[in-house]
Amino acid sequence: MLDSNAKGLVAEIEIELAAVRLRVPVLKPQEHSRCDLAFDIAGRIWKVQCKWGRLGPNRDVVIVSTGSFRLSTVGCIRTTYTDADVDLFGVCCGELDRSFLLPVSLVAGRHEIRLRLTKPRNDQRACITLADDFNFDGAIAQLGERCHGMAEVVGSSPTSSTTTTSSVDRPITVGANPFRDRFGYWMERAAAGEEVLITRRGKPLVRLGPAGP
């Protein structure tokens with residue numbers, strides 16, 4: 001049975017391999033860093049922390065310890081990650097032979113996150129993190145599309161107007177009822193930097209975006 005160090009190493013290798021298979025250039029820090037890898041996607045460098053995910057007892061969730069700890073003279077010190085440390089979390093679940101890629105906004109300040117493999121029996125959607133929404137291949141494709149879209153905006157507009165133009169031209173549109181059903185999911189998308197336009201009967205109703213610039 002693998003110990004925690006071995007699991008971490010396997011996770012890093014598997015996530016690097018998954019990226020290479022998608023022809024994503026992978027960089028490795030030469031000195032001690034809070035990120036394990038870096039992906040070069042559409043001209044942007046994304047810092048990636050790699051984690052091992054284990055199946056829950058009912059095999060319906062992947063449980064990921066997203067914090068870190070170290071021993072010191074005063075005991076065990078537990079810390080979490082912020083968006084200043086990394087951009088993405090790569091998760092490898094050896095029992096499923098699957099990898100996932102999560103934005104740091106889902107993980108920042110948390111010691112654990114759970115990715116649901118099945119929908120809740122009560123059909124709850126709010127505040128649920130579905131594993132299929134963060135499948136590795138799909139997440140890489142979305143990052144590439146996002147970077148490409150941002151590059152197009154920068155190339156055709158003054159820098160001072162980039163944010164406004166991008167948010168107007170490229171919002172994610174969702175109906176009021178689907179938005180209500182997956183409120184937590186859409187909040188996380190907005191917190192990650194995307195803009196969500198909520199409509200009712202086909203008409204724009206509310207625009208949701210990140211709190212910061």
Side-chain angles (χ1 to χ4, degrees), residues 1-70 79-118 128-151 185 188-189 192-194:
M1 184 174 179
L2 297 176
D3 60 24
S4 58
N5 289 333
K7 289 177 180 178
L9 179 59
V10 170
E12 182 176 332
I13 293 173
E14 289 292 339
I15 292 164
E16 179 180 2
L17 181 59
V20 170
R21 285 173 174 162
L22 296 175
R23 298 185 179 180
V24 174
V26 179
L27 311 174
K28 293 186 177 183
Q30 294 297 315
E31 300 179 359
H32 178 71
S33 172
R34 297 213 76 187
C35 70
D36 296 315
L37 305 170
F39 294 165
D40 184 348
I41 302 176
R44 173 175 171 178
I45 303 299
W46 302 80
K47 297 178 292 183
V48 184
Q49 171 62 220
C50 302
K51 293 293 184 180
W52 179 269
R54 69 184 190 278
L55 278 180
N58 295 325
R59 302 182 67 85
D60 58 347
V61 295
V62 176
I63 304 171
V64 189
S65 296
T66 54
S68 62
F69 70 93
R70 61 183 176 85
T79 59
T80 58
Y81 290 86
T82 71
D83 55 6
D85 299 318
V86 296
D87 301 307
L88 304 167
F89 270 75
V91 176
C92 169
C93 181
E95 295 166 275
L96 296 177
D97 193 25
R98 287 183 65 185
S99 293
F100 307 92
L101 195 61
L102 285 65
V104 69
S105 58
L106 285 181
V107 182
R110 301 174 62 173
H111 290 282
E112 181 181 283
I113 190 170
R114 299 191 173 206
L115 308 177
R116 287 200 64 94
L117 298 169
T118 59
I128 296 295
T129 306
L130 293 176
D132 286 344
D133 289 337
F134 301 97
N135 189 56
F136 193 91
D137 292 18
I140 289 292
Q142 288 185 6
L143 288 175
E145 291 173 0
R146 184 187 305 175
C147 288
H148 180 68
M150 291 174 64
Y185 169 74
E188 291 161 356
R189 292 282 296 267
E194 298 179 273

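- Of all heavy-atom pairs between Cys50 and Ile15, the closest is CB-CD1, 3.7 Å.
- Using a 4.5 Å heavy-atom threshold, the side chains of Leu115 and Val61 count as separate.
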>> Go through it in stages, so that I can follow the logic: the residues are Leu117 and Leu55, the test is side chain to side chain contact (heavy atoms under 4.5 Å, CB included), and I'd like the CA-CA distance, side-chain angles, deciding distance and then a yes or no.
In response: CA-CA 10 Å; Leu117 298 169; Leu55 278 180; 3.6 Å; yes
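- Going from atom CG of Leu101 over to atom CH2 of Trp46 covers 9.5 Å, rounded to the nearest 0.5 Å.
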>> One pair to check against side chain to side chain contact (heavy atoms under 4.5 Å, CB included): Leu27 and Phe39. What are the steps and the verdict?
In response: CA-CA 6 Å; Leu27 311 174; Phe39 294 165; over 6 Å; no
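- No side-chain heavy atom of Val64 sits under 4.5 Å from any side-chain heavy atom of Trp52.
- You'll find the side chain of Val48 stays beyond 4.5 Å of the side chain of Val86, heavy atoms only.
- For the atom pair Ile63 CD1 and Arg54 CZ, the distance stands at 4.5 Å (nearest 0.5 Å).
- No side-chain donor-acceptor contact under 3.5 Å links Asn58 to the backbone of Asp60.
- Taking CD from Gln142 and CD from Glu194, the interatomic distance works out to 7.0 Å, rounded to the nearest 0.5 Å.
- Of the charged side-chain nitrogens involved, at least one lies within less than 4.0 Å of a carboxylate oxygen, so that Arg98 and Asp132 count as a salt-bridged pair.
- The nearest pair of heavy atoms linking Ile45 to Asp87 is O-OD2, 3.9 Å.
- Going from atom NZ of Lys7 over to atom OG of Ser65 covers 9.5 Å, rounded to the nearest 0.5 Å.
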> What's the verdict on salt bridge (charged side-chain N to carboxylate O under 4.0 Å, His left out) for Glu112 and Arg110, showing C-alpha distance, side-chain angles and the deciding distance?
Replying inline: CA-CA 6 Å; Glu112 181 181 283; Arg110 301 174 62 173; over 6 Å; no
>> If you apply the rule side chain to side chain contact (heavy atoms under 4.5 Å, CB included), what do you find for Arg189 with Ser105, and how did you get there?
In response: CA-CA 9 Å; Arg189 292 282 296 267; Ser105 58; over 6 Å; no
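- In this structure a side-chain-to-backbone donor-acceptor pair under 3.5 Å is present from Lys51 to Gly67.
- Aromatic rings of Phe100 and Phe89 (six-membered ring for Trp) have centroids beyond the 6.0 Å cut-off, not under it.
- Of all non-hydrogen atoms in Leu106 and Thr129, the two that sit nearest each other are CD1-CG2, 4.4 Å.
- One N or O on the side chain of Lys47 and one on the backbone of Ala84 form a donor-acceptor pair closer than 3.5 Å.
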> Can Arg34 and Ser68 be said to form a side chain to side chain donor-acceptor pair (under 3.5 Å), step by step?
Replying inline: CA-CA 10 Å; Arg34 297 213 76 187; Ser68 62; 3.0 Å; yes
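- Shown here for Asn135 and Ser99, the closest heavy-atom pair between the two residues is OD1-O, 4.0 Å.
- For the pair Thr80/Thr66, no side-chain contact is recorded, criterion being any heavy-atom separation below 4.5 Å from C-beta on.
- In terms of heavy-atom proximity, Asp36 sits nearest to Pro29 at O-CD, 3.3 Å.
- No more than 12 heavy-atom neighbours from other residues, nucleotides or ligands sit within 6.0 angstrom of CG on Asp97.
- Considering only heavy atoms from C-beta on, Leu88 stays 4.5 Å or farther from Gln49 through its side chain.
- Annotation: side chain of Leu37 is in contact with side chain of Lys28 (closest heavy-atom distance under 4.5 Å).
- Counting all heavy atoms, side chain and backbone alike, Asp40 lies closest to Val24 at O-CG1, 4.0 Å.
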